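Just so we're clear, the structure is a prediction, and the values are computed from it rather than from any experiment. Lettering of chains follows the sequences in order, A, B, ..., and the numbering in each one begins at 1.
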Amino acid sequence: MEQRIERVESLTHHRTKKTIRWRRQAMHIRRNWQLYVLFAPVLLYFIVFHYVPMYGVQIAFRDFIATKGILDSPWVGLKHFERFFDSYYFWRILRNTLGIGLYELAVGFPIPIILALMINEVRNSKFRRMVQTVTYAPHFLSTVVMVGMIMMFLSPVSGLVNQVIAAFGGEPISFMTEPSWFKSIYVWSGVWQGMGWSSIIYLAALAGIDPQLHEAAKVDGASWLRRIWHINLPGIMPTIVILLILNIGSILGVGFEKVFLMQNSLNMEASDVISTNVYRSGILGAQYSYSAAVGLFNSVVNFILLISVNRIARKVSSSSLW
Amino acid sequence: MPQSRSERIASVAIYCILTVITLLVLYPLYFVLIASFSAPETVMRGEVWLWPKEWSFVGYERLFANSEIGRGFLNTLLYTAAGTSLNLVMTIAAAYPLSRADFTGRGVFTLIIVFTMFFSGGMIPNYLLIKELGMLDSFWVMIIPTAVSVWNILIMRTFFQSSIPKELQEAAFIDGCSNMRVLLRIVLPLSGPILAVMVLFYAVGHWNSYFNAMIYLSSRDNYPLQLFLREILVQGQMQEMVDISDDSLARSLMDAEAIKYAAVIVTNLPMLMLYPFLQKYFVKGVMIGSIKG
């Protein structure tokens with residue numbers, strides 16, 4: 001009998017706790033109605049400009065007919081994907097996209113870390129500020145200006161680089177029309193433009209390392225290199241892991257803007273990537289369904305990469321995106 | 001502080017490497033500047049190295065003689081001003097509610113927003129949407145589709161959570177302030193630095209972007225500066241600017257180069273002048289963003 005009463009009590013207790021929580025939430029919503037009004041346009045924006053296109057991606061599985069609209073165009077299943085996988089271009093653009101992405105990761109990812117570690121060792125604050133001011137500057141150049149500068153400096157007729165080559169008795173190189181040069185130009189110009197800016201986030205992490213660790217290590221007789229290796233590097237490791245995940249997740253997302261501007265009919269063999277292909281066949285060629293399929297393939301691979309890298313990171317280290 | 005020999009060597013090596021890197025980054029920028037003020041033929045012959053040779057403004061003259069450049073400049077100013085204002089309002093409207101622990105549903109809303117960072121419908125569905133909405137080749141297409149950036153919302157939310165004292169807001173609520181009043185009278189006045197960061201992040205983005213303009217705009221009257229710049233720098237289309245009538249092909253080729261150097265300087269002028277301020281605030285923004293990635 002007593003047991004029974006207890007059980008009923010605990011049940012009602014549970015129930016009241018739940019209703020209390022619910023009531024409190026309802027009260028919050030009522031009291032904060034202004035916050036919801038404020039947030040509504042944002043939500044509307046994301047639904048219209050991000051989720052509607054995600055819903056619209058189903059044209060990749062249909063034969064889009066403009067007069068019928070997205071929903072009434074006939075369903076064709078995986079036809080466009082098959083056409084893409086069988087096409088002559090498939091291996092070329094996959095090779096280029098992956099090649100540029102991996103090259104960029106291998107070069108563009110470690111350099112800012114090394115730069116930050118070096119800047120962090122500089123004690124002279126004037127020199128330090130000068131290095132930072134100069135190396136951050138190219139970040140603010142637009143892609144158009146950046147590519148314009150690349151073309152000016154590498155021009156076989158008037159470019160500075162070829163003038164230097166000629167001064168040393170070499171033959172001028174037509175960098176922009178030579179497919180074998182494309183990836184290197186893309187990646188190293190990206191390093192030139194972005195290394196300073198990308199190093200900021202590591203410098204911030206380095207500034208957060210307790211200086212007492214260094215003092216203690218010095219007392220124990222640890223050399224300079226060992227201190228960097230055993231204190232600074234582990235100190236910024238969480239930041240490195242997070243950025244590595246984000247970078248790998250976008251490996252196939254090789255930026256359209258710069259590749260497109262650097263592209264010409266002669267270097268196409270090395271410069272045609274997924275996004276430029278989508279633009280050419282989709283926007284210019286009006287093959288909406290086919291290029292939507294190519295784009296969807298890209299998004300899905302990126303998403304899977306991101307999730308798997310994040311999962312691996314969660315297993316082997318303590319930091320991950322979520 | 002006693003230093004060992006190897007440490008001193010390492011320290012010298014670091015200063016040397018950083019000096020080389022700094023020069024490598026600086027020189028191309030400096031070269032464009034001096035080349036834009038030099039006679040085109042001296043640049044062609046490789047005589048310009050350290051300072052301008054035979055001062056000349058032919059590139060600037062040809063550039064400003066073209067009415068489209070002015071038009072583009074004006075358009076870009078307009079897009080940047082309008083776009084940045086909308087960006088700012090939307091970012092605050094998103095970040096403030098999400099920063100509040102008593103905003104029921106903020107977990108779901110955050111998820112909805114952050115998911116769009118990692119997955120998107122892609123170029124084609126976006127294009128079809130814009131077409132469907134009748135926004136192609138309009139002023140609004142440069143403003144509304146980029147109304148807010150997820151990354152900046154997260155930075156701003158982090159700032160609101162970490163830098164505005166909760167007690168202050170709670171005290172205001174007890175005094176009978178409404179949510180909007182607290183936001184406008186207490187939170188925003190305390191958010192000066194982050195608002196500056198946001199204005200600069202967004203404004204530079206608008207100033208430099210060409211992609212949306214390229215796919216959505218078709219009439220040249222609406223083109224922003226970057227699209228005209230693309231024609232000059234990347235596509236080499238400047239027949240109207242180089243004078244074909246008076247002399248040889250070589251001459252116009254040289255003038256074309258001069259126009260390019262001048263164009264780079266003119267477009268980046270606002271940025272160059274603002275750079276000292278930009279740098280301070282931008283760095284601050286990146287730091288806040290890195291606190292809670």
Side-chain angles (χ1 to χ4, degrees), chain A residues 25 28-29 32 34-35 38-39 41-42 45-46 49-50 52-54 56-57 59 118-119 121-122 130-131 133-138 140-145 147-149 151-153 158 160 163 192 200-201 204-205 224 239 242 256-257 261 278-279 282-283 288 291-292 295-296 299 303 306, chain B residues 7 10 14 17-18 21-22 25-26 28-29 31-32 44 46 90 93-94 96-97 100 102-104 109 112-113 116 118-129 145 147-148 178-180 204 208 210-211 215 226 229-230 233-234 257 260 264 267-268 271 275 278-279 283 286-287 290 293:
Chain A
Q25 281 193 349
H28 278 161
I29 293 178
N32 291 333
Q34 287 185 329
L35 294 183
L38 195 62
F39 196 73
V42 178
Y45 164 78
F46 277 97
F49 288 95
H50 292 270
V52 168
M54 277 185 220
V57 87
I59 63 162
M118 285 199 291
I119 291 177
E121 291 305 310
V122 172
M130 186 198 70
V131 172
T133 306
V134 171
T135 51
Y136 297 168
F140 299 100
L141 299 177
S142 72
T143 320
V144 174
V145 166
V147 174
M149 279 176 66
M151 291 169 82
M152 284 191 265
F153 280 95
S158 59
L160 192 65
Q163 283 173 5
W192 181 82
I200 297 177
I201 196 160
W224 172 77
T239 314
I242 299 276
F256 171 88
E257 300 208 350
L261 291 176
V278 172
Y279 174 75
I283 309 272
Y288 295 125
S291 40
L296 181 60
S299 307
F303 196 61
L306 185 81
Chain B
E7 273 179 41
I14 284 178
I17 296 171
L18 287 178
I21 289 176
T22 307
V25 174
L26 192 60
L29 299 171
F31 181 82
V32 174
M44 280 286 247
M90 289 289 276
Y96 182 62
R100 289 270 298 269
D102 59 345
F103 182 58
T104 307
F109 291 136
I112 289 176
I113 288 178
T116 62
F118 302 117
F119 193 82
S120 80
M123 199 187 295
I124 303 300
N126 270 313
Y127 179 81
L128 291 177
L129 172 74
V148 72
S178 70
N179 277 303
M180 277 312 272
V204 171
N208 283 341
Y210 83 92
F211 176 71
I215 62 174
Q226 298 290 337
L229 208 59
R230 168 172 167 246
L233 291 178
V234 181
E257 288 300 307
K260 287 182 187 176
V264 169
T267 334
N268 286 315
M271 223 64 91
Y275 182 56
L278 291 178
Q279 191 205 347
V283 170
V286 176
M287 301 262 186
S290 67

Practice problem: Applying ring-ring contact (aromatic ring centres under 6.0 Å, His included), run through B:F118 and A:F303 and close with a yes or a no. | Solution: CA-CA 6 Å; B:F118 302 117; A:F303 196 61; 7.4 Å; no

Practice problem: Evaluate the side-chain contact (heavy atoms from CB on, under 4.5 Å) criterion for residues A:M149 and B:L233: first the C-alpha distance (whole Å), next the side-chain angles of each, then the deciding distance (0.1 Å), finally the verdict. | Solution: CA-CA 8 Å; A:M149 279 176 66; B:L233 291 178; over 6 Å; no

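Proximity to chain A involves both the backbone and the side chain of B:F103, based on heavy atoms less than 4.5 angstrom apart. Both the backbone and the side chain of A:M118 come within contact range of chain B, judged by heavy atoms closer than 4.5 Å. With a threshold of 4.5 angstrom between heavy atoms, A:E121 approaches chain B through side-chain atoms but not through N, CA, C or O. Both the backbone and the side chain of A:E257 come within contact range of chain B, with heavy atoms under 4.5 Å apart. Contact of A:F46 with chain B is made through the side chain alone, with heavy-atom distances under 4.5 Å. In this structure, the portion of A:L160 lying under 4.5 Å from any heavy atom of chain B is its side chain and not its backbone.
Across every non-hydrogen atom of B:M90 and A:V42, the tightest pair is O-CG2, 3.7 Å.
Ranked by heavy-atom pairs under 4.5 Å with chain A, the list B:I112, B:N268, B:L26, B:I17 is led by B:I112. Interface remark: of the candidates B:D102, B:T22, B:L129, B:D102 forms the most heavy-atom pairs closer than 4.5 Å to chain A. Interface remark: of the candidates A:V134, A:I59, A:T135, A:I200, A:V134 forms the most heavy-atom pairs closer than 4.5 Å to chain B. Ranked by non-hydrogen atom pairs under 4.5 Å with chain A, the options B:V32, B:I21, B:I124 are led by B:I124. Most heavy-atom pairs under 4.5 Å with chain B, from the set A:T133, A:L296, A:I119: that is A:T133. Ranked by heavy-atom pairs under 4.5 Å with chain A, the list B:I113, B:V204, B:L229 is led by B:I113. Interface remark: of the candidates A:G295, A:S299, A:P41, A:G56, A:S299 forms the most heavy-atom pairs closer than 4.5 Å to chain B. With respect to chain B, the highest number of heavy-atom pairs below 4.5 Å among A:V145, A:V278, A:V57, A:N32 belongs to A:N32. In terms of heavy-atom pairs under 4.5 angstrom with chain A, the leader among B:N208, B:L128, B:V264 is B:N208. Each of B:A94, B:A10, B:S120 has some count of heavy-atom pairs under 4.5 Å with chain A, and the biggest count is that of B:A94.
By the 4.5 Å heavy-atom criterion applied to side chains, A:W192 and B:P28 are counted as neighbours. At least one side-chain heavy atom of A:V122 sits under 4.5 Å from a side-chain heavy atom of B:I14. Inter-residue side-chain proximity for B:R230 and A:V147 is flagged as unmet; no heavy-atom pair is nearer than 4.5 Å. You'll find the side chain of B:Y96 stays beyond 4.5 Å of the side chain of A:F39, heavy atoms only. Under the 4.5 Å side-chain criterion, counting only non-hydrogen atoms from C-beta, A:L261 is in contact with B:Y210. The closest side-chain heavy-atom distance from B:P125 to A:M54 is not below 4.5 Å.
Expressed to the nearest 0.5 Å, how far CE of B:M180 lies from CG of A:L38 amounts to 5.0 Å. Taking CZ from A:F256 and CD1 from B:I215, the interatomic distance works out to 7.5 Å, rounded to the nearest 0.5 Å. The distance from the CZ atom of B:F211 to the OH atom of A:Y279 is 8.0 Å, given to the nearest 0.5 Å. Taking CZ of B:F119 as the reference point, atom NE2 of A:H50 lies at 13.5 Å (rounded to 0.5 Å).
Side-chain contact, B:Q226 with A:S142: a donor N or O sits under 3.5 Å from an acceptor N or O.
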